[in-house]
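For reference, the structure is listed below as C-alpha coordinates.
Chain A is the first sequence line, chain B the second, and so forth, proteins listed ahead of strands; every chain is numbered from 1.
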There are 2 protein chains.
Amino acid sequence: MQKQQYLSKNQKIVLDHVEKANQPLKAYSILYNVQKKGLKAPLQVYRALDKLVEIGKIHKIESRNAFVACKNSNCLVSNATAFSICESCEKVTEINNSKLSKYLSNFEDNSGMKYSKYNLEFFGLCKKCKNK
Amino acid sequence: MQKQQYLSKNQKIVLDHVEKANQPLKAYSILYNVQKKGLKAPLQVYRALDKLVEIGKIHKIESRNAFVACKNSNCLVSNATAFSICESCEKVTEINNSKLSKYLSNFEDNSGMKYSKYNLEFFGLCKKCKNK
DNA sequence: TCGTATATTGTTATAATATAACGTTATGTA
DNA sequence: TACATAACGTTATATTATAACAATATACGA
(Lines give C-alpha, C1' and ligand atoms only; values in the text may rest on other atoms or scores of the structure.)
Protein backbone atom coordinates (compact mmCIF):
# COMPACT_ATOMS: atom_id res chain seq x y z
CA MET A 1 0.00 0.00 0.00
CA GLN A 2 1.57 3.26 -0.98
CA LYS A 3 1.83 6.26 1.24
CA GLN A 4 -1.55 7.81 1.63
CA GLN A 5 -2.26 10.61 -0.79
CA TYR A 6 -5.87 11.36 -0.09
CA LEU A 7 -7.51 12.04 3.20
CA SER A 8 -10.19 9.74 4.49
CA LYS A 9 -13.69 10.88 5.26
CA ASN A 10 -13.12 11.58 8.94
CA GLN A 11 -9.78 13.18 8.30
CA LYS A 12 -11.38 15.55 5.79
CA ILE A 13 -14.16 16.49 8.16
CA VAL A 14 -11.75 17.26 10.99
CA LEU A 15 -9.26 19.12 8.81
CA ASP A 16 -12.06 21.15 7.29
CA HIS A 17 -13.29 22.21 10.66
CA VAL A 18 -9.84 23.09 12.00
CA GLU A 19 -8.98 25.06 8.87
CA LYS A 20 -12.08 27.18 9.19
CA ALA A 21 -11.12 28.26 12.68
CA ASN A 22 -8.38 30.83 12.88
CA GLN A 23 -7.36 29.79 16.30
CA PRO A 24 -6.36 26.54 17.94
CA LEU A 25 -9.20 24.21 18.79
CA LYS A 26 -9.48 21.68 21.57
CA ALA A 27 -10.16 18.09 20.64
CA TYR A 28 -13.47 17.94 22.44
CA SER A 29 -14.62 21.20 20.93
CA ILE A 30 -13.89 19.71 17.53
CA LEU A 31 -15.80 16.61 18.52
CA TYR A 32 -18.80 18.64 19.56
CA ASN A 33 -18.81 20.54 16.31
CA VAL A 34 -18.41 17.60 13.96
CA GLN A 35 -21.01 15.43 15.62
CA LYS A 36 -23.59 16.56 13.12
CA LYS A 37 -21.28 15.15 10.46
CA GLY A 38 -21.28 11.73 12.03
CA LEU A 39 -18.22 11.57 14.25
CA LYS A 40 -19.59 10.43 17.53
CA ALA A 41 -16.68 9.43 19.71
CA PRO A 42 -13.49 11.11 20.94
CA LEU A 43 -11.38 8.42 19.33
CA GLN A 44 -12.66 9.24 15.89
CA VAL A 45 -11.47 12.80 16.35
CA TYR A 46 -8.19 11.84 17.98
CA ARG A 47 -7.39 9.36 15.23
CA ALA A 48 -8.01 11.92 12.55
CA LEU A 49 -5.95 14.49 14.44
CA ASP A 50 -3.08 12.04 14.88
CA LYS A 51 -2.93 11.40 11.18
CA LEU A 52 -3.26 15.05 10.25
CA VAL A 53 -0.49 15.98 12.65
CA GLU A 54 1.67 13.19 11.26
CA ILE A 55 1.36 14.48 7.71
CA GLY A 56 1.76 18.08 8.79
CA LYS A 57 -1.67 19.44 7.94
CA ILE A 58 -2.27 20.26 11.56
CA HIS A 59 0.01 21.16 14.43
CA LYS A 60 -0.51 20.61 18.09
CA ILE A 61 0.09 23.54 20.42
CA GLU A 62 1.56 21.49 23.22
CA SER A 63 1.28 24.05 25.97
CA ARG A 64 -2.42 24.45 25.23
CA ASN A 65 -3.46 20.95 24.21
CA ALA A 66 -4.99 22.46 21.13
CA PHE A 67 -4.77 21.95 17.39
CA VAL A 68 -4.32 24.46 14.61
CA ALA A 69 -4.18 24.13 10.85
CA CYS A 70 -0.78 24.57 9.24
CA LYS A 71 -0.48 27.98 7.61
CA ASN A 72 2.87 27.24 6.18
CA SER A 73 2.68 25.89 2.67
CA ASN A 74 6.19 24.48 2.76
CA CYS A 75 5.55 22.70 6.01
CA LEU A 76 4.86 19.37 4.36
CA VAL A 77 5.91 17.45 7.35
CA SER A 78 5.42 18.80 10.76
CA ASN A 79 8.97 18.47 11.93
CA ALA A 80 9.93 22.07 12.48
CA THR A 81 7.31 24.24 14.08
CA ALA A 82 7.33 27.58 15.83
CA PHE A 83 4.47 29.57 17.28
CA SER A 84 3.83 32.79 19.08
CA ILE A 85 1.21 32.68 21.79
CA CYS A 86 -0.39 35.68 23.42
CA GLU A 87 -0.75 35.00 27.11
CA SER A 88 -3.63 37.42 27.38
CA CYS A 89 -5.96 36.69 24.46
CA GLU A 90 -4.46 33.29 23.60
CA LYS A 91 -4.06 34.22 19.96
CA VAL A 92 -1.64 31.82 18.32
CA THR A 93 0.33 32.50 15.17
CA GLU A 94 2.57 30.14 13.31
CA ILE A 95 5.96 31.70 12.78
CA ASN A 96 7.32 31.35 9.29
CA ASN A 97 10.84 32.66 9.44
CA SER A 98 13.44 30.99 7.32
CA LYS A 99 16.37 32.30 9.34
CA LEU A 100 14.89 30.86 12.51
CA SER A 101 14.08 27.52 10.97
CA LYS A 102 17.51 27.30 9.39
CA TYR A 103 19.15 28.15 12.67
CA LEU A 104 17.18 25.57 14.60
CA SER A 105 17.33 22.82 12.00
CA ASN A 106 21.10 23.07 12.00
CA PHE A 107 21.45 23.42 15.72
CA GLU A 108 23.78 20.99 17.39
CA ASP A 109 25.07 20.91 20.89
CA ASN A 110 27.63 18.76 22.58
CA SER A 111 25.24 15.96 23.45
CA GLY A 112 26.01 13.94 20.35
CA MET A 113 22.37 14.04 19.48
CA LYS A 114 21.21 14.93 16.01
CA TYR A 115 17.79 16.48 16.06
CA SER A 116 15.24 15.53 13.48
CA LYS A 117 12.41 17.65 14.76
CA TYR A 118 11.65 20.57 17.00
CA ASN A 119 8.78 22.57 18.39
CA LEU A 120 9.18 26.10 19.67
CA GLU A 121 6.59 28.14 21.50
CA PHE A 122 7.10 31.83 22.23
CA PHE A 123 4.95 33.58 24.82
CA GLY A 124 4.20 37.23 25.31
CA LEU A 125 1.60 39.83 24.59
CA CYS A 126 0.32 40.45 21.11
CA LYS A 127 0.15 43.95 19.67
CA LYS A 128 -3.47 44.47 20.68
CA CYS A 129 -3.09 43.24 24.22
CA LYS A 130 0.14 45.14 24.76
CA ASN A 131 -1.62 48.42 24.01
CA LYS A 132 -4.42 47.92 26.49
CA MET B 1 3.92 39.88 52.32
CA GLN B 2 7.20 39.83 50.50
CA LYS B 3 7.99 37.62 47.58
CA GLN B 4 8.43 34.12 48.83
CA GLN B 5 12.00 33.17 49.61
CA TYR B 6 11.60 29.81 51.19
CA LEU B 7 9.73 26.84 49.95
CA SER B 8 6.79 25.51 51.85
CA LYS B 9 6.60 22.00 53.22
CA ASN B 10 4.79 20.50 50.26
CA GLN B 11 6.91 22.39 47.78
CA LYS B 12 10.07 21.03 49.40
CA ILE B 13 8.78 17.49 49.36
CA VAL B 14 7.86 17.65 45.70
CA LEU B 15 11.04 19.43 44.63
CA ASP B 16 13.11 16.96 46.57
CA HIS B 17 11.51 14.05 44.83
CA VAL B 18 11.81 15.57 41.36
CA GLU B 19 15.43 16.50 41.92
CA LYS B 20 16.33 12.95 42.87
CA ALA B 21 14.99 11.61 39.61
CA ASN B 22 17.17 12.20 36.62
CA GLN B 23 14.31 12.05 34.22
CA PRO B 24 10.99 13.80 33.91
CA LEU B 25 8.27 12.57 36.22
CA LYS B 26 4.54 12.51 35.73
CA ALA B 27 2.38 14.28 38.27
CA TYR B 28 0.59 11.14 39.40
CA SER B 29 3.83 9.23 39.73
CA ILE B 30 5.07 12.01 41.99
CA LEU B 31 1.83 11.81 43.93
CA TYR B 32 2.19 8.09 44.40
CA ASN B 33 5.74 8.49 45.65
CA VAL B 34 5.15 11.31 48.08
CA GLN B 35 2.06 9.83 49.67
CA LYS B 36 4.17 8.41 52.45
CA LYS B 37 5.21 12.00 53.19
CA GLY B 38 1.65 13.13 53.65
CA LEU B 39 0.53 14.50 50.31
CA LYS B 40 -2.67 12.70 49.64
CA ALA B 41 -4.41 14.46 46.78
CA PRO B 42 -3.46 15.38 43.21
CA LEU B 43 -4.11 19.02 43.93
CA GLN B 44 -1.43 19.11 46.57
CA VAL B 45 1.09 17.94 44.03
CA TYR B 46 -0.18 20.16 41.25
CA ARG B 47 -0.10 23.22 43.47
CA ALA B 48 3.45 22.57 44.49
CA LEU B 49 4.43 21.92 40.88
CA ASP B 50 2.77 25.14 39.73
CA LYS B 51 4.73 27.16 42.22
CA LEU B 52 8.00 25.39 41.49
CA VAL B 53 7.52 25.93 37.77
CA GLU B 54 6.70 29.57 38.38
CA ILE B 55 9.94 30.16 40.26
CA GLY B 56 11.97 28.11 37.82
CA LYS B 57 12.99 25.22 40.04
CA ILE B 58 11.13 22.82 37.83
CA HIS B 59 10.28 22.81 34.15
CA LYS B 60 7.38 21.16 32.45
CA ILE B 61 8.10 19.08 29.38
CA GLU B 62 4.97 20.06 27.53
CA SER B 63 5.01 17.34 24.91
CA ARG B 64 5.23 14.71 27.63
CA ASN B 65 3.17 16.21 30.44
CA ALA B 66 6.08 15.60 32.72
CA PHE B 67 8.17 17.60 35.14
CA VAL B 68 11.92 17.81 35.51
CA ALA B 69 14.18 19.68 37.90
CA CYS B 70 16.07 22.63 36.49
CA LYS B 71 19.71 21.77 35.88
CA ASN B 72 20.59 25.25 34.89
CA SER B 73 21.84 27.29 37.79
CA ASN B 74 21.26 30.58 36.04
CA CYS B 75 17.73 29.66 35.17
CA LEU B 76 16.22 31.58 38.05
CA VAL B 77 12.99 32.09 36.31
CA SER B 78 11.73 29.58 33.90
CA ASN B 79 11.25 31.89 30.98
CA ALA B 80 13.70 30.48 28.50
CA THR B 81 13.86 26.74 28.30
CA ALA B 82 15.18 24.25 25.78
CA PHE B 83 15.28 20.49 25.92
CA SER B 84 16.38 17.56 23.85
CA ILE B 85 14.13 14.54 23.93
CA CYS B 86 15.06 11.10 22.69
CA GLU B 87 12.08 9.61 20.92
CA SER B 88 13.30 6.11 21.61
CA CYS B 89 14.32 6.02 25.28
CA GLU B 90 12.57 9.26 26.28
CA LYS B 91 15.70 10.61 27.88
CA VAL B 92 15.35 14.35 28.34
CA THR B 93 18.22 16.78 28.73
CA GLU B 94 18.03 20.47 29.42
CA ILE B 95 20.02 22.39 26.86
CA ASN B 96 22.25 25.05 28.28
CA ASN B 97 23.65 26.89 25.33
CA SER B 98 24.18 30.60 25.65
CA LYS B 99 24.27 31.22 21.90
CA LEU B 100 20.92 29.54 21.49
CA SER B 101 19.32 31.34 24.41
CA LYS B 102 20.70 34.65 23.24
CA TYR B 103 19.42 34.04 19.74
CA LEU B 104 15.94 33.11 20.93
CA SER B 105 15.65 35.76 23.62
CA ASN B 106 16.38 38.41 21.04
CA PHE B 107 14.26 36.90 18.35
CA GLU B 108 11.69 39.21 16.79
CA ASP B 109 9.55 38.70 13.78
CA ASN B 110 7.21 41.04 11.97
CA SER B 111 4.22 40.36 14.20
CA GLY B 112 4.87 43.29 16.49
CA MET B 113 4.99 40.90 19.36
CA LYS B 114 7.76 41.06 21.92
CA TYR B 115 8.37 37.71 23.48
CA SER B 116 8.97 37.40 27.16
CA LYS B 117 9.27 33.66 27.32
CA TYR B 118 9.88 30.61 25.18
CA ASN B 119 10.01 26.87 25.37
CA LEU B 120 11.84 24.77 22.80
CA GLU B 121 11.76 21.01 22.50
CA PHE B 122 14.08 19.15 20.15
CA PHE B 123 13.37 15.55 19.20
CA GLY B 124 15.64 12.89 17.85
CA LEU B 125 17.66 9.89 18.90
CA CYS B 126 20.20 10.10 21.66
CA LYS B 127 23.71 8.75 21.20
CA LYS B 128 22.92 5.38 22.74
CA CYS B 129 19.73 4.79 20.79
CA LYS B 130 21.28 5.95 17.54
CA ASN B 131 23.93 3.26 17.76
CA LYS B 132 21.50 0.42 18.28
C1' DT C 1 -9.79 -10.40 -10.13
C1' DC C 2 -8.43 -12.75 -6.15
C1' DG C 3 -5.64 -12.68 -2.07
C1' DT C 4 -3.26 -10.22 1.22
C1' DA C 5 -1.64 -6.42 3.91
C1' DT C 6 -2.55 -2.11 5.73
C1' DA C 7 -5.51 1.82 6.81
C1' DT C 8 -9.58 3.40 8.47
C1' DT C 9 -13.84 3.05 10.88
C1' DG C 10 -17.21 2.29 14.71
C1' DT C 11 -18.09 1.43 19.49
C1' DT C 12 -17.85 0.96 24.54
C1' DA C 13 -15.27 1.51 28.35
C1' DT C 14 -11.70 3.45 30.95
C1' DA C 15 -7.17 5.63 31.88
C1' DA C 16 -4.53 9.73 32.64
C1' DT C 17 -4.17 14.58 33.40
C1' DA C 18 -5.81 18.62 35.66
C1' DT C 19 -8.90 21.99 38.05
C1' DA C 20 -13.20 23.93 40.77
C1' DA C 21 -14.90 25.11 44.99
C1' DC C 22 -14.99 25.19 49.68
C1' DG C 23 -13.18 26.20 54.24
C1' DT C 24 -8.98 26.31 57.20
C1' DT C 25 -4.30 27.36 58.73
C1' DA C 26 0.13 29.71 58.37
C1' DT C 27 3.05 33.63 57.47
C1' DG C 28 4.68 38.43 56.65
C1' DT C 29 4.17 43.12 57.71
C1' DA C 30 1.95 47.58 58.87
C1' DT D 1 -3.27 42.93 66.89
C1' DA D 2 -5.22 43.28 62.35
C1' DC D 3 -4.96 42.63 57.74
C1' DA D 4 -3.52 40.59 53.34
C1' DT D 5 -1.56 36.94 50.95
C1' DA D 6 0.07 32.29 50.55
C1' DA D 7 -0.31 27.65 51.51
C1' DC D 8 -2.98 23.73 53.03
C1' DG D 9 -6.53 19.93 53.11
C1' DT D 10 -10.44 17.72 51.13
C1' DT D 11 -14.09 16.10 48.02
C1' DA D 12 -15.79 16.12 43.74
C1' DT D 13 -15.49 16.71 38.95
C1' DA D 14 -13.74 18.40 34.49
C1' DT D 15 -10.71 17.66 30.70
C1' DT D 16 -7.69 15.14 27.78
C1' DA D 17 -6.49 10.82 25.77
C1' DT D 18 -6.10 5.76 24.93
C1' DA D 19 -7.18 0.46 25.26
C1' DA D 20 -9.41 -3.20 23.21
C1' DC D 21 -12.18 -5.42 19.95
C1' DA D 22 -14.66 -6.20 15.67
C1' DA D 23 -15.86 -4.60 11.08
C1' DT D 24 -15.14 -2.32 6.62
C1' DA D 25 -12.45 -0.06 2.97
C1' DT D 26 -8.46 0.53 0.03
C1' DA D 27 -4.04 -0.43 -2.50
C1' DC D 28 -1.49 -3.43 -5.05
C1' DG D 29 0.97 -7.60 -6.50
C1' DA D 30 0.29 -12.24 -8.24
Side-chain angles (χ1 to χ4, degrees), chain A residues 1-18 21 23-68 87 90 92 119 121, chain B residues 1-18 21 23-68 77 90 92 119 121:
Chain A
M1 201 174 188
Q2 77 175 62
K3 209 176 163 189
Q4 187 190 7
Q5 323 191 35
Y6 303 107
L7 298 177
S8 73
K9 191 192 83 191
N10 289 359
Q11 290 159 13
K12 264 182 229 152
I13 291 171
V14 169
L15 178 56
D16 222 56
H17 184 68
V18 175
Q23 78 228 257
L25 299 178
K26 302 282 200 149
Y28 277 73
S29 130
I30 296 170
L31 173 60
Y32 178 82
N33 281 286
V34 297
Q35 276 179 334
K36 60 192 80 123
K37 303 222 169 132
L39 283 84
K40 291 177 192 151
L43 244 194
Q44 295 178 293
V45 170
Y46 277 106
R47 286 200 280 227
L49 286 171
D50 281 355
K51 191 65 181 186
L52 291 165
V53 166
E54 186 192 325
I55 64 178
K57 292 284 190 187
I58 279 184
H59 303 308
K60 181 170 185 183
I61 310 300
E62 293 287 358
S63 65
R64 299 299 187 258
N65 297 320
F67 299 86
V68 69
E87 290 186 300
E90 291 293 323
V92 170
N119 178 55
E121 297 180 5
Chain B
M1 200 171 186
Q2 78 175 66
K3 209 175 162 188
Q4 187 190 8
Q5 328 189 28
Y6 302 108
L7 298 177
S8 73
K9 192 191 82 192
N10 289 359
Q11 290 160 12
K12 263 182 229 151
I13 292 171
V14 169
L15 178 57
D16 221 57
H17 183 67
V18 175
Q23 78 228 256
L25 300 178
K26 302 282 201 151
Y28 275 71
S29 130
I30 296 170
L31 173 60
Y32 179 81
N33 281 286
V34 297
Q35 275 179 334
K36 60 191 80 123
K37 304 223 167 130
L39 283 83
K40 290 177 193 153
L43 207 50
Q44 294 179 293
V45 170
Y46 277 106
R47 286 201 279 228
L49 286 172
D50 281 354
K51 190 65 180 185
L52 292 165
V53 166
E54 186 190 325
I55 63 179
K57 291 285 190 188
I58 278 184
H59 303 306
K60 181 170 186 183
I61 309 299
E62 292 286 357
S63 65
R64 300 299 187 257
N65 295 321
F67 300 86
V68 69
V77 176
E90 291 294 322
V92 170
N119 178 56
E121 297 180 4

Please state how far atom CD in B/Gln11 lies from atom P in C/dA26, giving the value in whole angstrom units.
-> 16 Å

In whole angstrom, what separates A/Leu7's CG from C/dT8's C1'?
-> 12 Å

Give the nucleotide from the list D/dA7, D/dG9, D/dA17 with an atom nearest to the side chain of B/Ser8.
-> D/dA7

B/Lys9 has its side chain closest, among C/dA18, D/dC8, D/dA20, to D/dC8

Measure distances between side-chain N and O atoms of B/Tyr28 and base N and O atoms of C/dA18, and say whether any donor-acceptor pair falls under 3.5 Å.
-> yes

Closest to the A/Asn10 side chain, choosing from C/dG10, D/dG9, D/dA17 = C/dG10

Looking only at side-chain atoms of A/Pro42, point me to the closest of D/dT18, C/dA18, D/dT16.
-> D/dT18

When rounded to whole Å, the OH to C1' distance for the pair A/Tyr32 and D/dT15 reads 17 Å

Distance test, side-chain N/O of A/Gln44 to OP1/OP2 of C/dT9, below 4.0 Å | no

Between atom CD1 of A/Ile30 and atom OH of A/Tyr46, what is the distance when rounded to the nearest 0.5 Å?
-> 9.0 Å

Establish, with yes or no, whether the OP1 or OP2 oxygen of D/dA17 is under 4.0 angstrom from a side-chain nitrogen or oxygen of A/Asn65.
-> yes

Of all the nucleotides listed (C/dT9, D/dA17, C/dA18), which has the minimum atom distance to the side chain of B/Phe67?
-> C/dA18

Spacing between A/Arg47 atom CZ and C/dG10 atom P, to the nearest angstrom | 9 Å

In this structure, NE2 of B/His17 is separated from CD1 of B/Ile13 (nearest 0.5 Å) by 11.5 Å

Out of D/dG9, D/dA7, D/dA17, which nucleotide sits closest to the side chain of B/Lys51?
-> D/dA7

Backbone of B/Asn10 reached by a side-chain donor or acceptor of B/Lys37 within 3.5 Å | no

In whole Å, what is the span from the CD1 atom of B/Ile30 to the C1' atom of C/dT17?
-> 12 Å

In a check of side chain to side chain contact (heavy atoms under 4.5 Å, CB included) between B/Gln11 and each of B/Lys51, B/Arg47, B/Lys57, which one passes?
-> B/Lys51

Test applied, side chain to side chain contact (heavy atoms under 4.5 Å, CB included); reference residue, A/Val34; option that passes from A/Asp16, A/Val45, A/Val18 | A/Val45

Out of C/dT17, C/dT19, C/dT11, which nucleotide sits closest to the side chain of B/Lys26?
-> C/dT17

Establish whether the base of D/dA27 is bridged to the side chain of A/Tyr6 by a donor-acceptor pair shorter than 3.5 Å.
-> no

Donor-acceptor contact present, side-chain A/Glu121 to main-chain A/Ile61, <3.5 Å | no

Distance in angstrom units between A/Leu39 CG and C/dT12 P, rounded | 14 Å

At under 4.0 Å, does any side-chain N or O of B/Lys12 touch on OP1 or OP2 of D/dC8?
-> no

Is the shortest side-chain N/O distance from A/Lys60 to OP1 or OP2 of D/dA17 below 4.0 Å?
-> yes

Which nucleotide sits closest to the side chain of A/Tyr46: D/dG9, C/dG10, D/dA17?
-> D/dA17

Rounded to the nearest Å, what distance is computed from the CG atom of residue B/Leu31 to the C1' atom of nucleotide C/dA18?
-> 12 Å

Rounded to whole Å, NZ of B/Lys40 lies from P of D/dT11 at a distance of 8 Å

